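Contents: one structure, followed by commentary.
Remember, it's a predicted structure, so these values are computed and weren't measured experimentally. Letters go in sequence order (proteins before strands), and every chain restarts at 1. Because only heavy atoms are used, hydrogens play no part in the values below, and waters and symmetry mates are left out as well, while side chains stay in.
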Amino acid sequence: LASFLQNNFEDENFGKKSLNHQRVMVEYSSPNTNKPLHLGHLRNNFLGWSVAEILKANGNDVIKTSIVNDRGIHICKSMIAWQMFANGATPQSTHEKGDHLVGDYYVKFNDEYKKEVSELVQSGMAKEEADKEAPIMKKTQKMLLYWEQGKPEVRELWNMMNSWVYKGFDETYKRIGSDFDHTFYESNTYLLGKDFVQEGLQKNILFKKEDGSVWIDLTGEGLDEKLVLRGDGTSVYITQDIGLAIQKFEEYHLDKSIYVIGDEQLYHMKVLKEIIRKLGMNFADNIYHLSYGMVELTTGKMKSREGTVVDADDLIDEMVATAEKHTEELGKVKDFTKKELHELYETLGLGAMKFYLLRVDPKKRMIFNPEESIDFHGFTGPFVQYTYARIQSILRKVEGQPSAISYQPSAIHLLPLERQLIIFLEKYSIIITEAANEMNPSIIANYVFNLAKLYNSFYAEHSVANAETNEKKSFRLQLSVMTANIIRSGLQLLGIRVPERM
RNA sequence: GGUCCCGUAGUUCAAUGGAUAGAAUAGAAGUUUCCUAAACUUUAGAUACAAGUUCGAUUCUUGUCGGGACUACCA
């Protein structure tokens, strides 16, 4: 055991493989451009990013992508409301983040819409008719039509408002460390897939109803009949998904295409896969839906229209502020510069939040209590980060590099905690493989937490710097270095940074 | 109605069919002249209910009760 340690403690890449050369695309972000990101997006982002990194660590060639839903009636709603109520307000003029500004007008639309409908109902109109006849809704539908015709004023407004939103998203993505190799836009992909519908019709996989709409019969697969093209010949959601799925495989020569999408779309993804299989595409089996459970609040489901969403930016700010509060209370880093402090707060706040969202099985729904802030003690990111900082503190104080002091591994008599630690460190390699096979970052979060816990027990029991003998000292230094390396490496796969001091 | 998912300490989460069901937090009690107490140690507390398969079930099957998702010519 001690030899294992001596051979590996300096290897920064311990546990990582370079064997599986598969080309994998992970699509892990699909925001709408009519409102800001929320807690659900964060779970999606952290999960997808982490899975991509874990697959990389196992030697795969990974392409990270996002698909932006930048068109459709919901975008027009924000646009109409902005025209009606904003008086030309921009992010510059209001000093508001672009995505939030646009989101405000989406909310405004719904308020106005509700008002108009209730007015119509009061004047004696049936609810259903009023839903359709409300002037603001009619205007919006007209705008969508203009958008599709490419009317310049509408496209200009659309471009302008979207650019605000992208700038806002970029800020958030940058802060949380999310990055993409490629971004797809639905305004570019929404016409895709129609050719395959024609092909499917010819092959008798699809059928046409009297009204001209095209369907696929999946009753044999335990699903229903599903519409793939409207009666007027326009695409629906699934039409473009068929086109995009095929395009991905053809353009990028993928071995596997992973979609990180909520489990509410289980049915949709099943249908997509079935259609592609029926079209005779041999890669249908390489489409994988990594479904994750919705984040719910203790007060119920998040609904953006009812204002019961946990906004991503607000939550991040809150976490960073909590980190600041704890740090100031403890007063251990009073000599830090402003910049260093700022960085530490971000590292800790985001670490707490990412760990919180990644430590549970992605497939399960999770419940978030907005009243209680995310903890910094116990099974948390900061706990693991603290263990790392503690080890760095030892290394700073001890003179000489641990590698410079040698000892005979066979001569080391291992104490129970030392033995447990080495055995635990050795498991890291298996853990990474397991996490990749199951596409489950929580395996790493659990591992890294238990490692930190074990090290802390060891730390409380035995002194490193003042070990019984010089041999023991260098042995324990190596033990500490390797623990720190694995903590850093494991947290990195979760998108969490480590502080040198905290 | 149909299809699918989920019910584990007060709370949030663990447990390829295997030993005494693990953690964290909240509760109780301790630990700092000694490497960072954001830590450590001790303590109490749970498999919704009922049958079945099995040497053995939190895990598999069926039923009951409870929660959720999907079932749009929305995306």
Side-chain angles (χ1 to χ4, degrees), chain A residues 30 32 34 67 69-75 144 186 190 209 211-215 219 221-241 262-271 291 293-294 296 298 300-301 322-323 325-327 329-333 348 351-352 356 359-361 363-369 372 374-398 434 438 442-443 445-446 449-450 452-453 455-467 473 476-477 480 499-502:
Chain A
S30 46
N32 288 303
N34 64 334
I67 176 144
N69 183 348
D70 62 346
R71 62 165 284 277
I73 191 84
H74 49 298
I75 315 293
L144 182 61
E186 289 196 354
Y190 80 109
K209 291 193 174 174
D211 60 4
S213 58
V214 182
W215 297 71
T219 47
E221 282 73 31
L223 307 168
D224 289 321
E225 285 186 358
K226 176 89 185 172
L227 176 99
V228 294
L229 203 64
R230 291 196 190 98
D232 61 7
T234 55
S235 303
V236 287
Y237 181 37
I238 193 107
T239 322
Q240 63 157 335
D241 267 6
D263 59 10
E264 55 189 359
Q265 295 202 41
L266 237 31
Y267 181 76
H268 174 80
M269 291 302 294
K270 240 185 209 171
V271 171
S291 70
M294 299 283 97
E296 278 174 46
T298 36
K301 227 187 141 181
T322 308
K325 200 187 102 210
H326 284 302
T327 305
E329 277 171 9
L330 292 168
K332 291 180 185 176
V333 289
L348 296 178
Y356 178 85
R359 68 180 208 192
V360 305
D361 186 337
K363 289 206 162 35
K364 297 204 174 167
R365 284 166 47 212
M366 62 184 297
I367 295 169
F368 177 78
N369 187 349
E372 293 172 17
I374 296 173
D375 219 321
F376 279 59
H377 302 270
F379 187 12
T380 66
F383 174 91
V384 182
Q385 290 170 320
Y386 172 71
T387 308
Y388 178 86
R390 225 180 189 186
I391 294 174
Q392 295 313 307
S393 169
I394 298 175
L395 298 179
R396 250 179 271 120
K397 287 187 180 166
V398 170
E434 219 178 288
E438 294 178 27
S442 79
I443 293 174
N446 274 280
F449 166 69
N450 284 311
K453 214 160 96 80
Y455 185 87
N456 281 330
S457 297
F458 160 80
Y459 178 95
E461 200 69 30
H462 309 291
S463 176
V464 176
N466 302 311
K473 181 174 166 185
R476 285 183 188 159
L477 279 171
S480 303
E500 296 302 307
R501 288 175 56 194
M502 63 185 274

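Phosphate proximity of U36(B) to Lys397(A): present, with a side-chain N or O under 4.0 Å from OP1 or OP2. The shortest distance between the side-chain N/O atoms of Arg501(A) and the OP1/OP2 oxygens of A38(B) is not below 4.0 Å. In this model, the phosphate group of C13(B) is not approached by any side-chain N or O of Ser442(A) to a distance below 4.0 Å at OP1 or OP2.
Residue Ser463(A) is classed as a base contact, given a heavy-atom separation below 4.0 Å to a base. If you check every strand for non-hydrogen atoms under 4.0 Å, Gly72(A) touches nothing. Within the nucleic acid shown, Val236(A) comes within 4.0 Å of sugar-phosphate atoms alone, with no base atom in reach, counting heavy atoms only. Base engagement by Leu348(A) is indicated by at least one non-hydrogen atom pair under 4.0 Å involving a base atom.
Taking atom CZ of Arg71(A) as the reference point, atom P of C74(B) lies 11 Å away to the nearest angstrom. Atom CD of Glu461(A) is separated from atom P of C40(B) by 12 Å (rounded to the nearest Å). Between the P atom of C74(B) and the CG atom of Asn32(A) lies a distance of 16 Å, rounded to the nearest Å. Rounding to whole angstrom units, OH of residue Tyr459(A) and P of C35(B) are separated by 6 Å. Taking atom CG on Asn369(A) and atom C1' on U12(B), their separation rounds to 10 Å, with Å as the unit. Rounded to an integer number of Å, the gap from CD of Gln240(A) to P of A75(B) is 8 Å. Atom NE2 in His462(A) sits about 12 Å away from atom P in U41(B), given to the nearest Å. Ile75(A) has its CD1 atom 12 Å from the P atom of A75(B), to the nearest Å.
Gln392(A) meets the side-chain contact (heavy atoms from CB on, under 4.5 Å) test with Tyr388(A), Leu395(A), Arg396(A), Ala484(A), Glu500(A); sequence neighbours excluded. Under the rule for a ring pair (Phe, Tyr, Trp, His ring centres under 6.0 Å), the partners of Tyr190(A) that lie at least two apart in sequence or sit in another chain are Trp147(A). Contacts of Lys270(A) classified as salt bridge (charged side-chain N to carboxylate O under 4.0 Å, His left out), with partners at least two apart in sequence or in another chain: none. In terms of the side-chain contact (heavy atoms from CB on, under 4.5 Å) criterion, residue partners of Arg365(A) (sequence neighbours excluded) are, by chain and number, Glu296(A). Taking the side-chain contact (heavy atoms from CB on, under 4.5 Å) definition, one finds that Thr234(A) meets it with Arg230(A), Asp232(A), sequence neighbours left out. When the side-chain contact (heavy atoms from CB on, under 4.5 Å) test is applied to Ala465(A), the partners found at least two apart in sequence or on another chain are Val398(A). Listed by chain and number, the residues in a salt bridge (charged side-chain N to carboxylate O under 4.0 Å, His left out) with Arg71(A) are Glu148(A) (sequence neighbours excluded).
With a 4.5 Å cut-off on side-chain heavy atoms, Ile67(A) and Glu186(A) count as touching. Under the 4.5 Å side-chain criterion, counting only non-hydrogen atoms from C-beta, Phe368(A) is in contact with Ile374(A). When side chains are defined from C-beta on, Met502(A) does not count as touching Leu330(A), because their heavy atoms never get closer than 4.5 Å.
Between the Arg390(A) side chain and the Asn456(A) main chain, no donor and acceptor come within less than 3.5 Å of each other. Between the side chain of Ser480(A) and the backbone N or O of Arg476(A), at least one donor-acceptor pair lies under 3.5 Å. Listed for the Asp361(A) side chain is a donor-acceptor partner under 3.5 Å among the backbone atoms of Lys363(A).
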Determine all donor-acceptor pairs shorter than 3.5 Å in which one atom belongs to a side chain in residues 375-384 of chain A; sequence neighbours excluded.
| unit_1 | atom_1 | unit_2 | atom_2 | d |
| --- | --- | --- | --- | --- |
| Asp375(A) | OD1 | His377(A) | N | 3.0 |
| Thr380(A) | OG1 | Phe376(A) | O | 3.4 |
| Thr380(A) | OG1 | Phe383(A) | N | 3.3 |

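Side-chain proximity of Tyr237(A) to the nucleotides A75(B), A37(B), C34(B) is greatest for A75(B). Side-chain proximity of Asn456(A) to the nucleotides A38(B), A14(B), A39(B) is greatest for A39(B). Ranking C74(B), C40(B), C13(B) by closeness to the Ala460(A) side chain, first place goes to C40(B). Closest contact between the side chain of Leu266(A) and the listed nucleotides G7(B), C4(B), A75(B) involves C4(B).
On the C1' atoms, G18(B) is 7 Å away from G56(B), given to the nearest whole Å. Between U3(B) and U59(B), the distance separating the two P atoms is 23 Å to the nearest Å. When the P atom is compared between U11(B) and A29(B), the two are found 23 Å apart, to the nearest whole Å. Between the P atoms of A51(B) and G17(B), the separation comes to 24 Å (whole Å). The separation of G45(B) from A26(B), taken at their C1' atoms, amounts to 12 Å, rounded to a whole angstrom. Using atom P as the reference point in both C5(B) and A23(B), the two lie 31 Å apart (nearest Å). Comparing G66(B) with U32(B), their C1' atoms sit 49 Å apart, to the nearest whole Å. A gap of 16 Å separates the C1' atoms of A39(B) and U25(B), to the nearest Å.
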Watson-Crick and G-U pairing of RNA chain B written in dot-bracket, each distance under 3.5 angstrom, with | for inter-strand partners = (((((((..((((....[...)))).(((((.......)))))....(((((..]....))))))))))))....
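Comparing Asp361(A) and Ile238(A) by the nucleotide of RNA chain B whose heavy atom lies nearest to each, the residue mapping closer to the 5' end is Asp361(A).
Atom CG of Leu348(A) sits about 11.0 Å away from atom OG1 of Thr322(A), to the nearest 0.5 Å. Taken to the nearest 0.5 Å, the CG atom of Leu229(A) stands 12.5 Å off from the CD1 atom of Ile238(A).
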Shorter than 3.5 Å, N or O on both sides, protein versus nucleotides 21-29 of chain B: list them out with atom names.
| unit_1 | atom_1 | unit_2 | atom_2 | d |
| --- | --- | --- | --- | --- |
| A24(B) | OP1 | Lys453(A) | NZ | 3.4 |
| A24(B) | O2' | Phe379(A) | N | 3.3 |

task = For nucleotides 67-72 of chain B, just jot down a letter per nucleotide in 5' to 3' order: B, S or -, based on protein non-hydrogen atoms under 4.0 Å.
result = BSSSS-
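The stretch residues 383-393 of chain A touches RNA chain B through Phe383(A), Tyr386(A), Ala389(A), Arg390(A), Ser393(A), each having a heavy atom under 4.0 angstrom from the strand.
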